[in-house]
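Input: a single structure, listed below in C-alpha cells.
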2 protein chains.
Amino acid sequence: MEPKILSAVSRSTLKRLPLYLHVLEDLHRRGVVYVSCTTIARKFDFGPILVRKDLEVTGAAGKAKIGFRVAGLIDDIKKFLGWHNVQDAFLVGAGNLGKALLGYQDFDSYGLNIVAVFDNDPRKIGTRIFNKEVLALDKLAPLVKRMHINIGIVAVSSEGAQAVVDALVAAGIRAVWNFAPAPLEIPEGVILENARLTQSLAVLTNKLKSLLAGPEKE
Amino acid sequence: MEPKILSAVSRSTLKRLPLYLHVLEDLHRRGVVYVSCTTIARKFDFGPILVRKDLEVTGAAGKAKIGFRVAGLIDDIKKFLGWHNVQDAFLVGAGNLGKALLGYQDFDSYGLNIVAVFDNDPRKIGTRIFNKEVLALDKLAPLVKRMHINIGIVAVSSEGAQAVVDALVAAGIRAVWNFAPAPLEIPEGVILENARLTQSLAVLTNKLKSLLAGPEKE
DNA sequence: GGCCTATCGATGCAATTTTATCGATAAAAC
DNA sequence: GTTTTATCGATAAAATTGCATCGATAGGCC
C-alpha cells in the first residue's frame with residue numbers, strides 16, 4: 001500500500017508514531033524480528049485497532065498471524081516522518097535550555113542535526129558548548145542562506161522570542177521549533193511548532209488536583 | 001457559574017488554558033483591563049467560540065459588549081488549574097536537562113516548585129546547581145515521605161527512566177512528569193504525564209517535509 | 001492435508017470535539 | 001430615548017477521532 005498524502009494525516013496519528021518508533025527500537029535492540037499491533041498496543045492505554053490504523057498511513061504492510069517485521073516497520077515510520085534524511089538546524093539561545101538541547105544526542109536519530117548555536121550575549125560568543133562554537137546573532141542571516149538551513153530552534157526567553165523568530169524568518173528559515181512559552185506570530189508559508197512544556201504541566205497538575213481532592217469517585 | 005467537574009474537562013481544553021493564560025498575563029502587564037474572546041482568539045488559529053467554551057469550564061463570567069476582566073480571568077484559570085497553590089516537587093537527574101529545568105525560573109508561576117535534585121553520579125552528589133544541592137538517590141524515599149512530596153520529575157536517560165519511576169512510586173509519589181522519550185509503566189492510581197519533545201518534533205518535520213515536497217498544493 | 005487460531009485490512013458505528021447559529025444583554029452612537 | 005453594534009451564553013449541527021465488527025489470509029497443530 002502507498003503512504004497517504006502527508007497533509008491528510010491527522011495530528012493525533014502523527015504524535016503517536018514516535019511512540020511506536022521508540023517501542024520498536026527497543027524490541028529491535030532485543031533481537032525481536034516480528035511484532036503484532038496487539039503487542040505494541042499493550043505498551044499504551046489504547047487498543048490495537050488504533051495502532052493498526054496509524055501504521056497504515058506509513059505504507060507499512062504486515063502479514064496475518066505474524067505481524068509486522070520490526071526492522072521494516074522502523075524504516076517505514078522513519079521514512080514517513082522524514083527522519084531518515086537528517087535536516088540541519090540552527091539553534092538560537094545558549095542558555096540552560098539551549099545547552100540541554102545541544103547535549104541531547106539522540107536528535108540525530110530523529111532526523112535533526114544542530115549545526116550551529118547563536119546568542120547575543122558577548123560573554124557567550126566564541127565559547128564552545130558540546131564542541132559547537134557560539135556565534136553572534138548577526139551571523140545568522142548570511143549563514144542560513146549559505147548553508148541552506150530550513151529549521152530554526154528558538155530557546156530564548158519569552159520576551160526575546162518574537163524578535164528571534166522574525167530574524168529567522170527574514171533570513172529565510174522555513175520551519176521554527178519554539179521552546180519559549182509565548183505564543184508567536186509567524187507569516188503564512190512558514191511552519192511554527194511549539195514544544196510547550198506548560199501545556200503538559202497543566203494536564204499533570206490538573207489530574208493531580210482531582211486525585212488529591214477526591215480519590216473515591218471515578 | 002460553577003466550575004465543571006475536573007475529570008469532565010477535555011484534554012484539549014486543558015492544554016489551551018495555559019496559552020490563554022500567557023496572553024492574558026501579557027495584556028495584564030500592558031495595563032489592559034477588559035478583553036473579549038475575539039481578541040484572545042486573534043492570537044491563535046482557532047475561533048472565538050472555542051475560546052469562550054474553554055473559559056466556560058473555569059467558571060469565569062464575562063459581560064456582554066465588555067468581555068472578561070483580565071485580572072479576574074487570570075485568577076480563575078489559575079485557580080482551575082491548581083496553579084495558585086504551589087506544589088513542591090522532586091527532580092531526578094542532574095544532567096543537562098535537569099539543569100535546564102532547575103534554571104527555568106517561571107515554574108513558580110505555574111504552581112510548581114522544585115525543592116530538591118537527585119542523581120546517582122557520585123561526582124555530582126554534593127555539588128550545587130542553581131543553589132540547590134544534588135542529593136544521592138537513596139535519600140529520595142525517606143524525604144518523599146517526610147516532606148509529603150506529590151510530584152516527581154524524571155529527567156534521566158531512557159534506559160534509567162523506568163527504574164527511577166519505580167523508585168518514585170515506591171516512595172509514595174502521586175504524579176510523575178516524565179521527560180525521557182521512553183514509554184513508561186505506572187501502576188493504577190498514580191498519574192503519569194509525558195513531556196514528549198519527539199512528538200512535537202515529529203509534527204514539525206512532517207509539516208516541513210510536505211512543505212518542501214509540494215508547496216503548490218493545499 | 002484439513003482444521004484451528006491469530007492477525008491484518010476494510011467498512012461501519014459511536015463518542016468526542018469543534019464549529020455554527022440564535023437570542024439576550026449592555027455599551028456606544030445618534 | 002431609540003437604534004446600532006459587539007459580545008456573551010446556550011443549543012444544534014458538522015467534523016473529527018477512536019472503536020468494534022467482519023471477512024480474508026497465513027502459519028501452527030493434529
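Note that the coordinates shown come from a computational prediction; the quantities given were computed from them, not determined experimentally. A, B, ... follow the sequence lines: proteins, then strands. Residue 1 opens every chain.
If you measure from atom NZ of K63(A) to atom P of dG28(D), you get 12 Å, rounded to the nearest angstrom. To the nearest angstrom, C1' of dT7(D) lies 13 Å from CG of L55(B).
With F44(B) as the aromatic partner, R16(B) does not meet the cation-pi criteria of under 6.0 angstrom to the ring centre and within 45 degrees of the ring axis.
Salt bridge status for R29(B) with D26(B): present, with a side-chain N to carboxylate O gap under 4.0 Å. Here R11(B) pairs with E193(B) in a salt bridge; the nearest charged N to carboxylate O distance falls below 4.0 Å.
The CH2 atom of W177(B) lies 12.5 Å from the CG atom of L192(B); values are rounded to the nearest 0.5 Å.
Side-chain atoms of S109(A) and W83(A) include no donor-acceptor pair closer than 3.5 Å. Under the 3.5 Å distance criterion, with hydrogens and angles disregarded, a donor-acceptor pair is assigned to the side chains of Y20(B) and D54(B).
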Please list every donor-acceptor pair under 3.5 Å in which a side-chain atom of residues 155-165 of chain A meets a protein atom from a residue at least two apart or in another chain.
residue : atom : partner : partner atom : Å
S157(A) : OG   : E159(A) : OE1          : 3.3
Q162(A) : OE1  : E185(A) : N            : 3.0
Q162(A) : NE2  : D166(A) : OD1          : 3.0
Q162(A) : NE2  : E185(A) : O            : 3.1

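Using a 30° and 60° split on the angle between ring planes, Y110(A) and F107(A) fall in the perpendicular class, above 60°.
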Can you tabulate the close N/O pairs, meaning under 3.5 Å, that link protein atoms to atoms of nucleotides 17-25 of chain D?
residue : atom : partner : partner atom : Å
dG18(D) : OP1  : R16(A)  : NH1          : 3.0
dG18(D) : OP2  : R16(A)  : NH2          : 3.1

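Contacts between residues 17-44 of chain A and DNA chain D, defined by a heavy-atom separation below 4.0 Å, involve no residue at all.
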